[in-house]
Participant: 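What follows is a structure written as structure tokens; I'll ask about it next.
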Amino acid sequence: MLEKIFSGRSGYLAAVIAGGLTTLAAAPFSWWWLAPIAAALMYAGLTRQTGRQALLRGWCYGLGLFGTGASWVYVSIHDYGYTSMPLAIFLTALFVASMALFIAVPFGLYRRFIGARWSVLSFAGLWVLMEWLRTWLFTGFPWLLLGSTQVDSPLAPWAPVGGVYLLSLIVALSGALLVKLAEGRWLVIPVLAALWLVPLALPQQWTSTNGEPLQVSLLQGNLPQEIKWTAEGQREAVNTYLTMTGEVGSDEQPPTTQPDLVIWPEAALPMFEDQAEPILARAQAALSPDTALLTGILQRDDDGRFFNAVVGLGNADGHYRKAHLVPFGEYLPLESLLRGAIAFFDLPMPAMTPGDDPQTPLTAAGHEIGNAICYEIIYADLVASRARHSDILLTVSNDSWFGDSIGPHQHLEMARLRALENGRYVIRATSNGITAIIDDQGRILDQLPQFETARLDGEVQPMTGLTPYTRTGSWPTWLLAALMLLPGFVRRR
């Protein structure tokens with residue numbers, strides 16, 4: 001019955017609704033139980049559609065997903081890219097329609113080459129491979145993955161086993177099984193039960209503590225993005241962070257109670273490191289010699305290259321340079337054609353160069369710090385590669401580009417999942433929120449409100465040992481997804 005209802009035009013409407021439900025399953029709404037329902041709406045009637053119909057259905061899902069879940073792109077383009085409203089609307093719509101193709105094309109190919117037999121398995125396999133494609137093609141955009149919505153669900157214990165893509169596979173498989181159950185296929189109940197009950201038997205702790213907890217202070221300067229790269233913005237940034245750091249290291253606090261780590265956010269000072277050296281020296285002088293100061297900063301070398309980096313001072317050593325850059329934010333694709341076309345394409349800072357990968361971890365307070373600057377935290381395998389050689393994960397970010405939208409909440413949710421996947425505490429220091437301390441189970445221990453100048457003091461526990469996911473990364477799940485497609489493909493041929 002459901003196959004007939006959703007095989008026609010109603011299937012397109014169902015796909016748009018499914019995209020919206022996926023957004024509601026993610027932060028800040030966090031109605032995680034909607035994710036399997038969204039997958040069910042996409043599966044119902046799919047095997048009765050032609051390849052062209054399935055392609056359109058996938059595109060409709062993408063419109064619903066990115067049109068609701070990535071609406072913050074408009075804020076970045078209009079509010080901070082100084083683009084007129086009509087043009088910003090057009091560019092946002094173009095972005096949404098283009099991203100929807102990452103879902104449309106796989107769905108069309110799926111119905112072209114995969115038959116109806118074993119469709120429950122092949123649908124789940126398709127979903128994961130579709131998300132894998134979106135992770136790397138054209139630099140990748142693994143935002144709003146189905147599994148990212150499950151950090152608070154009963155499925156969460158699967159994350160340290162197989163990461164976000166295993167969660168996506170289980171959610172998509174659950175959605176397909178729900179359709180079969182609605183059609184009266186009662187034999188699927190044991191499979192559904194196993195997917196959702198096995199996590200109760202999984203280990204809750206894959207890693208162990210490594211030494212004493214560290215005291216940390218995260219500084220959220222809340223500086224206006226509009227003036228950040230002006231002379232006025234530089235002065236305000238210097239005054240704000242020197243004042244806040246001075247308060248951390250004031251005489252009112254005995255040296256024994258000063259934090260082990262003081263952390264400034266991404267590009268806290270809108271200048272290059274060589275320009276900021278006197279300021280950083282003043283900040284470090286206000287702290288105990290045993291305190292490490294970590295800050296996001298721009299670097300440049302003698303070859304004229306520029307880097308988005310994190311550097312350590314005081315009781316710290318080394319630096320980290322961002323390896324995965326944001327197109328249009330840190331570098332401009334087709335720069336010779338686009339620069340100067342509209343204000344949005346004129347970057348306020350020089351185009352960045354990606355750092356080497358891998359890099360030697362930054363050391364602070366006697367522990368290895370795994371770094372992921374801003375956008376990098378959404379790449380599960382990149383973060384896992386950092387976690388293999390670190391005790392703590394640090395992500396510094398400038399979420400001002402999101403404005404007062406759902407973007408920062410989604411960004412924080414993905415940081416929480418990285419903590420759970422790798423069994424590591426995650427320190428998240430941002431320019432205007434959401435600054436937070438996340439434990440190794442993905443729980444938020446404390447956080448600062450957005451759009452306030454504030455300091456977050458707390459504890460982080462260094463961890464040792466590796467989760468199964470940290471050891472292997474995502475490739476076992478990607479391989480499993482490919483194998484799940486094979487029975488339907490062979491049958492079709």
Side-chain angles (χ1 to χ4, degrees), residues 151 207 209-221 241 244-245 248 258-268 287 291-297 308-320 322 361-379 382-384 386-387 389-399 408 411-450 454-464 470:
V151 68
T207 55
T209 59
N210 182 21
E212 296 298 318
L214 300 180
Q215 303 298 317
V216 299
S217 292
L218 314 182
L219 308 188
Q220 181 175 288
Y241 284 104
M244 296 179 74
T245 304
V248 174
Q258 287 196 20
D260 300 290
L261 300 176
V262 174
I263 301 174
W264 296 1
E266 178 186 15
L287 301 170
T291 298
L293 172 62
L294 305 180
T295 180
I297 195 76
N308 189 354
V310 173
V311 299
L313 297 91
N315 191 16
D317 183 56
H319 64 250
Y320 169 77
K322 189 176 183 182
L362 189 154
T363 302
H367 291 277
E368 306 291 319
I369 308 296
N371 285 274
I373 298 178
C374 192
Y375 188 65
E376 289 183 314
I377 199 68
I378 74 175
Y379 289 86
L382 182 149
V383 176
R386 309 290 189 261
H389 308 288
S390 63
D391 306 326
I392 300 167
L393 293 173
L394 167 66
T395 177
V396 296
S397 184
N398 177 15
D399 282 3
H411 209 183
L412 175 61
E413 181 176 62
M414 288 180 276
R416 293 179 59 201
L417 189 54
R418 300 294 90 84
L420 179 59
E421 288 169 341
N422 298 287
R424 295 287 189 273
Y425 276 62
V426 170
I427 305 170
R428 187 168 193 266
T430 70
S431 53
N432 70 344
I434 304 170
T435 297
I437 298 173
I438 307 165
D439 74 4
D440 59 313
Q441 299 298 309
R443 298 172 298 216
I444 298 175
L445 300 181
D446 204 355
Q447 68 182 69
L448 292 177
Q450 288 181 279
R455 184 179 89 219
L456 178 60
D457 298 322
E459 283 188 351
V460 297
Q461 175 62 62
M463 306 295 291
T464 188
T470 308

Participant: Evaluate the criterion side-chain contact (heavy atoms from CB on, under 4.5 Å) for residue pair E459 and V216; output intermediate values, then yes/no.
Facilitator: CA-CA 6 Å; E459 283 188 351; V216 299; over 6 Å; no
Participant: Does either side chain, that of Q220 or that of T435, offer a donor lying less than 3.5 Å from an acceptor on the other one?
Facilitator: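 Judged by distance alone, the side chains do pair up.
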Participant: Could you check whether any side-chain N or O of H389 sits under 3.5 Å from a backbone N or O of I369, counting only pairs where one atom can act as donor and the other as acceptor?
Facilitator: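 Such a contact is absent between H389 side chain and I369 backbone.
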Participant: Does a side-chain heavy-atom distance below 4.5 Å link H411 with R428?
Facilitator: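 Touching, per the 4.5 Å side-chain cut-off.
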Participant: Taking all non-hydrogen atoms of both residues, which atom of A365 and which atom of L261 are closest, and how far apart?
Facilitator: CB-CD2, 4.1 Å
Participant: Would you say the side chain of L219 lies within less than 4.5 Å of the side chain of V262, judging by non-hydrogen atoms?
Facilitator: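 Heavy-atom side-chain distance check passes, below 4.5 Å.
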Participant: Evaluate the side-chain proximity of P462 to E368: yes if any heavy-atom separation is below 4.5 Å, no if none is.
Facilitator: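 Answer no - side chains too far apart.
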Participant: Side chains of T245 and W264: closer than 4.5 Å at any heavy-atom pair?
Facilitator: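 T245 reaches W264 side chain to side chain.
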Participant: Can a side-chain donor-acceptor contact be found between N398 and S431 if the only test is distance below 3.5 angstrom?
Facilitator: yes
Participant: Take N371 and L362, measure what side-chain contact (heavy atoms from CB on, under 4.5 Å) needs, and give me the verdict at the end.
Facilitator: CA-CA 8 Å; N371 285 274; L362 189 154; 3.9 Å; yes
Participant: Please find the pair of heavy atoms, one from D391 and one from H367, that lie closest to each other, and give the distance.
Facilitator: OD2-ND1, 3.0 Å
Participant: Mind checking the CG-OG1 spacing from N422 to T470? Nearest 0.5 Å is all I need.
Facilitator: 3.5 Å
Participant: Evaluate the side-chain proximity of I444 to L412: yes if any heavy-atom separation is below 4.5 Å, no if none is.
Facilitator: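 When only atoms from C-beta onward are counted, I444 and L412 do touch, with a gap below 4.5 Å.
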Participant: Do the side chain of R455 and the main chain of M244 share a donor and acceptor less than 3.5 angstrom apart?
Facilitator: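 It does not hold such a pair.
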Participant: Compare all side-chain heavy atoms of N432 with those of Q450 and state whether any distance is below 4.5 angstrom.
Facilitator: no
Participant: So D440 and M463, do their side chains get closer than 4.5 Å, heavy atoms only?
Facilitator: yes
Participant: Out of curiosity, Y425 OH to I437 CD1, how far, rounded to the nearest 0.5 Å?
Facilitator: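 Those atoms lie 9.5 Å apart.
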Participant: Is there a donor-acceptor contact under 3.5 Å from the side chain of T291 to the main chain of P259?
Facilitator: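 Yes, T291 side chain to P259 backbone: donor-acceptor pair under 3.5 Å.
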Participant: As a quick check of understanding, evaluate side-chain contact (heavy atoms from CB on, under 4.5 Å) for I438 and R443, giving each step before the final call.
Facilitator: CA-CA 5 Å; I438 307 165; R443 298 172 298 216; 5.9 Å; no
Participant: Keeping Y241 on the side-chain end and G221 on the backbone end, is there a donor-acceptor pair under 3.5 Å?
Facilitator: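 Pair found, side chain donor or acceptor close to backbone of G221.
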Participant: Can you tell me how far CE of M414 sits from CD1 of I378, rounded to the nearest 0.5 angstrom?
Facilitator: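 Reported to 0.5 Å precision, the distance equals 5.5 Å.
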Participant: Side chains of Q461 and D439: do they bring a donor and an acceptor to under 3.5 Å?
Facilitator: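 The criterion, which ignores hydrogens and geometry beyond distance, is not satisfied for D439 and Q461.
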Participant: Looking at side-chain heavy atoms only, is the closest gap between V383 and I377 below 4.5 Å?
Facilitator: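 V383 vs I377: side chains touch.
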Participant: Working to the nearest 0.5 angstrom, can you tell me the gap between L218 CG and D446 CG?
Facilitator: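 Spacing of CG (L218) from CG (D446) equals 9.5 Å.
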Participant: Quick check against the 3.5 Å criterion: does R424 have a side-chain atom that pairs as donor or acceptor with the backbone of A419?
Facilitator: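 Side chain of R424 to backbone of A419, a donor-acceptor pair under 3.5 Å: no, none is there.
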Participant: So, S390 side chain and R386 main chain: donor-acceptor pair closer than 3.5 Å or not?
Facilitator: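 Indeed, once roles are kept as given, a pair shorter than 3.5 Å links the two residues.
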Participant: Can you check whether G423's main-chain N or O pairs, donor with acceptor, with T207's side chain at less than 3.5 Å?
Facilitator: yes
Participant: Quick one about Y375 and E266 (side-chain donor to acceptor, distance below 3.5 Å, no hydrogens or angles considered), yes or no?
Facilitator: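 Note: E266 and Y375 side chains miss the donor-acceptor criterion.
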Participant: Looking at T395, I392, L393, L294, which hits side chain to side chain contact (heavy atoms under 4.5 Å, CB included) with I427?
Facilitator: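 It is I392, the one option of T395, I392, L393, L294 that forms the side chain to side chain contact (heavy atoms under 4.5 Å, CB included) with I427.
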Participant: In Å, rounded to the nearest 0.5 Å, how long is the span from CG of D260 to CG of L214?
Facilitator: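 That separation rounds to 5.0 Å.
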Participant: Ignoring hydrogens, what is the shortest heavy-atom contact between S397 and P265? Give both atom names and the distance.
Facilitator: O-CB, 3.8 Å
Participant: In plain terms, say whether R416 and E413 are close enough for a salt bridge, that is, a side-chain N and a carboxylate O under 4.0 Å apart.
Facilitator: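 Result for this pair is no, no salt bridge flagged.
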Participant: Are the side chain of T363 and the backbone N or O of D317 linked by a donor-acceptor pair below 3.5 Å?
Facilitator: no
Participant: How long is the span from the CD1 atom in I263 to the OG1 atom in T430, to the nearest 0.5 Å?
Facilitator: 12.0 Å
